[in-house]
Amino acid sequence: MKINEEETPKKNLNFIEAIVDQDVKEGKNDGRVQTRFPPEPNGYLHIGHAKAICLNFDIAKRYGGICNLRFDDTNPVKEDVEYVDSIMEDIQWLGYQWENVYYASDYFQKLWDLAIQFIKKGLAYVDEQSAETIAKQKGTPTVPGIESPYRNRPVEENLVLFQKMTDGEIPEGSMVLRAKIDMASPNMHFRDPIMYRIITSHPHHRTGWQWKVYPMYDFAHGQCDYFEGVTHSLCTLEFEVHRPLYDWFIDQYQDSDYRPRQIEFNRLNLTYTVMSKRKLLQLVQEKFVSGWDDPRMPTLCGLRRRGFTPESIHNFIDKIGYTKFEALNDIGLLEHAARESLNKTATRVNAVLHPVKLIVTNYQEGKVEMMTTQNNPEDPEAGTREVAFSRELFIERDDFMENPPKNYFRLTPGQEVRLKSAYIVKCTGCKKDDNGEIMEVYCEYDPLTKSGMPESNRKVKGTLHWVSVAHCVDAEVRLYDRLFNVENPSADERDFRELLNPDSLQILTGCKLENSLKNVHPLEHFQFQRIGYFTVDLDSTPNKLIFNRTVSLKDSWSKELNK
RNA sequence: UGUCUCAUGGUGUAAUGGUAGCACGUCAGAUUCUGGAUCUGCCUGUCUAGGUUCGAAUCCUAGUGAGACAACCA
């Protein structure tokens, strides 16, 4: 077995990698490493799933093993092909390719045969009590359960009844197959867990109406791992209590030493958002967001539409790590990872979100100069482009103040600023309407200070972005903020819908963008200079440009203002 | 009055009995044709009490606190 160490030469192993490392060194499973990502196709993948995806695929890669995709599709009531497709798309977007696609439904016959074997061995019985009765008899974590009156039914009778369940002769909900283990077990999962239930009302997205009985997750999941030869079964902390049950099921019939080794790690929690599929579904269904891919959602399709790169997701997940401590991760770290990724790659462009006219009064009317500007100062290879400069420009409204606070480096009467890639200008005044609203700002340029000329090295404190009135294009810009107002919505007693941030989406129209942005494609990334990182929305067209703010640039001026 | 798991700066995570480190964040400074980026420096931590040991974040015991488990969900 060759260990692929090149990528992470000195990195400390996380506790899971350390276990796998040890197993490989000891020659367990002949040094073979096989993992899997096992989603249920009942919702869209979110950033928490990405954490599991990266772990499973990266570990397989590191040890020259394989990682499969397996859909745990044992509940036809909730599942749909729509989700199968989106799950595959999102995994590939992250840059991973599975070795095989499997479905728990591939094993329905095998699992059913096993169930028969369990019945014959006296390890399973058909219970015909109601769900409520069964739940009551379970007891509580501190009070032992009581046994079902059907628990000691003869094997023959169980066989006949289970066959009838299978043949669709028994109404949904009226009988289940239960494992006969221990109603007094301190582990609730051992109190005669249900192995099979009847579902006749819904077709399965793959097997149609073929099956009338479906295995429960606990009976299916661990054994699917076992059937497939999974060596390391990585899952989140809440399945810790299930592990002994998975082992018990396999113990009842296995004859080799091989057993998937389950290792649990902490799930990903993010501040100011929710991660539960149920709540995310509610946000979509109740129209609090525009859909699963709303840029405010922590779903992978939402993050993608917001403008996060796969690299930013990987960087973030590397930073948070894998432990057994249930942590709450600062969403600021995800934003940092996005800036880190986009800073290296995003083309710098000029976009004025809240425009106000700036007239260069001593600049010749009708004259147009093409100014050369860098596409990305972080990446010389990105080259340069030309932007048009003229007498009438748009600048940001808050880049001019008549009576500025201390340390204001922008336009104010008498003060000089640099217009990025163009001239140094001196503010001479402004025109206001009857309400005192600024209509136009005036300045004079110094012809000797054009970018690249010797005089241009003169020190001025502020540099402003701008677009030429005659050479710009209108766009809609959507500014996104955190979805929730409280740091940890899941820990709040109030209904999570009351905690939503009403200002999580702000739509700006009439924004002025430099002409080079006329022909952009959805999901292209840009940095609007001095503002933030933006991506072209999926609904953007050449006739109606729409940009989404991924994340703002760090802003030390707003900090200064808050002092 | 159960079983299982966890506890290191504000947050997340390393240190595998031998100098408590890293990242984010904060604050300060340098630099800058983005108040961005970059660079430098500062800040803040081993839950408590015993024990083992030359030496404990690490091992043991007991507390304290937190989480998971009682769906015909996964």
Side-chain angles (χ1 to χ4, degrees), chain A residues 11-15 18 38-40 42 72-75 77-79 104 127 130-131 134-136 138-145 172-178 184-191 194-199 214 216-218 220-221 236-244 264 266 271 277-278 318-330 332-337 339-340 343-344 348 350 373-374 377-378 407-410 417-422 424 449 451-452 456-457 459-465 527-532 552-560:
Chain A
K11 180 182 163 263
N12 291 311
L13 298 181
N14 66 47
F15 82 102
E40 183 190 16
N42 71 339
D72 273 341
D73 54 350
T74 54
N75 185 2
V77 178
K78 291 185 175 176
E79 295 150 10
D127 197 337
S130 70
I134 291 176
K136 245 178 228 155
K138 276 245 154 118
T140 71
T142 52
V143 177
E172 189 167 312
S174 57
M175 286 187 195
V176 289
L177 183 71
R178 297 178 73 179
S185 171
N187 183 337
M188 296 294 290
H189 295 276
F190 276 76
R191 323 252 260 229
I194 293 170
M195 296 164 65
Y196 269 88
R197 81 290 213 180
I198 300 169
I199 297 175
Y214 289 91
M216 297 292 289
Y217 176 84
D218 276 347
H221 179 83
T236 46
L237 253 24
E238 70 269 27
F239 292 103
E240 222 150 20
V241 204
H242 297 240
R243 184 181 353 117
E264 305 87 6
N266 60 345
T271 54
K277 272 193 198 174
R278 199 195 89 241
D318 278 349
K319 287 174 205 294
I320 62 173
Y322 298 85
T323 68
K324 292 178 88 77
F325 175 72
E326 179 112 11
L328 178 60
N329 293 281
D330 190 344
L333 196 54
L334 177 60
E335 292 170 350
H336 172 262
R339 292 191 187 101
E340 192 179 30
N343 178 45
K344 293 181 300 188
R348 272 58 170 175
N350 298 299
T373 190
Q374 276 185 294
E378 301 295 315
N407 290 333
Y408 186 76
F409 301 153
R410 310 175 188 183
V417 301
R418 184 189 310 280
L419 295 179
K420 173 85 183 166
S421 306
I424 293 175
T449 59
S451 283
S456 74
N457 289 330
K459 291 282 173 233
V460 279
K461 286 244 173 112
T463 300
L464 268 44
H465 63 280
Q527 187 200 86
F528 289 1
Q529 285 191 113
R530 301 209 300 135
I531 303 174
S552 65
L553 249 32
K554 281 209 283 188
D555 181 6
S556 48
W557 171 237
S558 67
K559 279 179 196 167
E560 176 81 21

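Not measured: the values here are computed from a predicted model. Heavy-atom basis, side chains included; hydrogens, waters and symmetry copies ignored.
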> What is the nucleic acid contact for A:P377, judged by heavy atoms within less than 4.0 Å: base, sugar-phosphate only, or nothing?
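It contacts base atoms.
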> How far, in whole Å, is B:U19 from B:G36 if one measures between their C1' atoms?
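The answer is 38 Å between these two C1' atoms.
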> Measure CG/A:D73 against C1'/B:C73 and give the value in whole Å, please.
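Answer to the nearest Å: 14 Å.
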> Nearest to the side chain of A:K78, which nucleotide is it out of B:A7, B:G2, B:A71?
B:A71
> Between A:E238 (CD) and B:A70 (P), how many Å, whole number?
11 Å
> Rounded to whole Å, please give me the gap between CG in A:N187 and P in B:U5.
11 Å
> B:G63 and B:U3: how far apart are their P atoms, nearest whole angstrom?
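Here B:G63 and B:U3 have their P atoms 12 Å from each other.
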> Which value, in whole Å, describes the distance between the C1' atoms of nucleotides B:U48 and B:G65?
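Going atom to atom, C1' in each nucleotide, I get 10 Å.
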> When all nucleic acid strands are considered with a 4.0 Å heavy-atom cut-off, which category describes A:F15: base, sugar-phosphate, or nothing?
nothing
> If the plane angle is over 60° it's perpendicular, under 30° parallel, otherwise tilted; pick one for A:H242 and A:Y217.
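The rings of A:H242 and A:Y217 stand perpendicular, inter-plane angle above 60°.
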> Give a yes/no answer on whether the side chain of A:K554 brings an N or O atom under 4.0 Å of OP1 or OP2 in B:A37.
yes
> Nearest-Å distance, CD (A:E40) to C1' (B:A74)?
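About 5 Å, once rounded to whole Å.
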> Describe the nucleic acid contact of A:L328 in one word from base, sugar-phosphate, nothing, applying a heavy-atom distance below 4.0 Å.
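If one applies the 4.0 Å heavy-atom cut-off, A:L328 turns out to touch the sugar-phosphate alone, with no base involved.
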> Just N and O in the side chain of A:S451: are any of them under 4.0 Å from OP1 or OP2 of B:C33?
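Checking A:S451 against B:C33: no side-chain N or O falls below 4.0 Å of OP1 or OP2.
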> Determine the contact category for A:T74: base if any of its heavy atoms lies under 4.0 Å from a base atom, sugar-phosphate if only primed atoms, P, OP1 or OP2 are that close, otherwise nothing.
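Counting heavy atoms under 4.0 Å across all strands, the contact made by A:T74 is with sugar-phosphate only.
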> Could you give the distance separating B:A74 and B:U16 at their P atoms, to the nearest angstrom?
42 Å
> Considering only atom P, compute the distance from B:A20 to B:A15 and round it to an integer number of Å.
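One P to the other, the span is 16 Å.
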> When all nucleic acid strands are considered with a 4.0 Å heavy-atom cut-off, which category describes A:E326: base, sugar-phosphate, or nothing?
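The residue A:E326 makes sugar-phosphate contact but no base contact.
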> If the test is side chain to side chain contact (heavy atoms under 4.5 Å, CB included), which one of A:K420, A:Q529, A:R410, A:R418 qualifies with A:L464?
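Answer after filtering A:K420, A:Q529, A:R410, A:R418: A:R410.
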> How far, in whole Å, is B:U1 from B:A14 if one measures between their C1' atoms?
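It works out to 38 Å between them.
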> Is A:E340 paired with A:K319 through a side-chain N to carboxylate O contact shorter than 4.0 Å?
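A salt bridge links A:K319 with A:E340.
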> Rounded to whole angstroms, how far apart are CZ on A:R410 and P on B:G36?
11 Å
> Just to be sure I understand the rule, does A:A131 reach a base, reach only the sugar-phosphate, or reach nothing, if contact means heavy atoms closer than 4.0 Å?
base
> Is there a donor-acceptor pair under 3.5 Å between the side chain of A:N266 and the backbone N or O of A:F325?
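Yes.
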> With no angle test and no hydrogens, is the base of B:G36 tied to the side chain of A:R339 by a donor-acceptor pair under 3.5 Å?
no
> Please determine whether a side-chain nitrogen of the Lys or Arg among A:E264 and A:R243 lies less than 4.0 Å from a carboxylate oxygen of the Asp or Glu.
yes
> Is there a Watson-Crick or G-U wobble partner for B:C33 with both distances under 3.5 Å, and if so, which one is it?
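Check on B:C33: unpaired, no WC or wobble geometry under 3.5 Å.
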> Taking any strand in view, what nucleotide pairs with B:C6 in a Watson-Crick or G-U wobble way, both distances under 3.5 Å?
B:G65
> Heavy atoms from C-beta onward define the side chain here; which of B:A71, B:C24, B:C69 lies closest to that of A:A135?
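The nucleotide sitting nearest to the side chain is B:A71.
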> Closer to the 5' end of RNA chain B via nearest nucleotide, is it A:T463 or A:K324?
A:K324
> Does B:C73 have a Watson-Crick or wobble mate here (both distances under 3.5 Å), and if so which one?
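Result: none.
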> Closest to the A:T140 side chain: B:U5, B:A14, B:A70?
B:A70
> Rounded to whole angstrom units, what separation is found between the CZ atom of A:F239 and the C1' atom of B:C6?
18 Å
> Has A:N329 got a side-chain N or O lying under 4.0 Å from the OP1 or OP2 atom of B:C24?
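So the side-chain polar atoms of A:N329 never come under 4.0 Å of the phosphate oxygens OP1 or OP2 of B:C24.
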> Both A:G321 and A:N407 contact RNA chain B. Which one's nearest nucleotide lies toward the 5' end?
A:G321
> Assign A:L237 to base, sugar-phosphate, or nothing according to its heavy-atom contacts below 4.0 angstrom with the strands shown.
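Touches nothing.
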> With a 4.0 Å limit, can you tell me whether A:R197 has a side-chain N or O closer than that to the phosphate oxygens OP1/OP2 of B:C73?
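Yes, A:R197 has a side-chain N/O under 4.0 Å of OP1/OP2 on B:C73.
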> Are A:F409 and the base of B:G35 stacked, counting only ring centres nearer than 5.5 Å and planes tilted under 30°?
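Yes, A:F409 stacks on the base of B:G35, since the ring centres sit under 5.5 Å apart and the planes are within 30°.
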> Using the P atom as the point on both nucleotides, what is the distance between B:A62 and B:C6, in whole Å?
16 Å
> Write down the partner of B:A57 under the Watson-Crick or G-U wobble criteria, each distance required to be under 3.5 Å.
none
> Taking only the side-chain heavy atoms of A:D72 (C-beta and beyond), determine which of B:A15, B:C69, B:A74 contains the nearest atom.
B:A74
> Find the distance A:K420:NZ to B:U32:P and express it as a whole number of Å.
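It is 13 Å, rounded to the nearest whole Å.
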> Whole-Å distance between B:A30 C1' and A:K459 NZ?
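Taking NZ of A:K459 and C1' of B:A30, I get 13 Å after rounding.
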> Tell me what A:R191 touches on the nucleic acid: a base, only sugar-phosphate, or nothing, going by heavy atoms under 4.0 Å.
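Result for A:R191 = nothing.
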> Using a 3.5 Å distance criterion without hydrogens, assess whether the side chain of A:T449 forms a donor-acceptor pair with backbone atoms of A:I424.
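Yes.
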> What is the base-pairing partner of B:G41, counting Watson-Crick and G-U wobble geometry with both distances under 3.5 Å?
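Pair assignment: B:G41 / B:C27.
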> Using a 4.0 Å heavy-atom cut-off, does A:K277 contact any base of the nucleic acid, only the sugar-phosphate backbone, or nothing at all?
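No contact.
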> Let's test this: given Watson-Crick or G-U wobble pairing with both distances under 3.5 Å, identify the partner of B:U19.
none
> Can you tell me whether the side chain of A:E378 and the base of B:G36 have a donor-acceptor pair closer than 3.5 Å?
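Donor-acceptor pair under 3.5 Å: yes.
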> Should A:S556 be listed as having a side-chain N or O under 4.0 Å from OP1 or OP2 of B:G36?
yes
> Over all strands shown, is A:H189 touching base, sugar-phosphate only, or nothing at heavy-atom distances under 4.0 angstrom?
sugar-phosphate
> Over all strands shown, is A:S185 touching base, sugar-phosphate only, or nothing at heavy-atom distances under 4.0 angstrom?
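No contact.
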> Mind checking the OG-CD spacing from A:S421 to A:Q374? Nearest 0.5 Å is all I need.
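CD of A:Q374 is found 8.0 Å from OG of A:S421.
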> Would one find more than 12 heavy atoms of other residues, nucleotides or ligands at under 6.0 Å from atom NZ of A:K324?
yes
> So, the side chain of A:N350 versus the backbone of A:H465: is there a donor-acceptor pair under 3.5 Å, distance only?
no
> Could you tell me whether the phosphate oxygens of B:U34, OP1 or OP2, come under 4.0 Å of any side-chain nitrogen or oxygen in A:H465?
no
> Keeping A:R530 on the side-chain end and A:T463 on the backbone end, is there a donor-acceptor pair under 3.5 Å?
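Confirmed, A:R530 side chain pairs with A:T463 backbone.
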> Taking the same atom, P, in B:C27 and in B:U44, what whole-Å distance lies between them?
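So the two P atoms sit 16 Å from each other.
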> Would the base of B:U34 count as contacting A:Q527 through its side chain, where contact means a donor and an acceptor less than 3.5 Å apart?
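Result: at least one qualifying N/O pair found.
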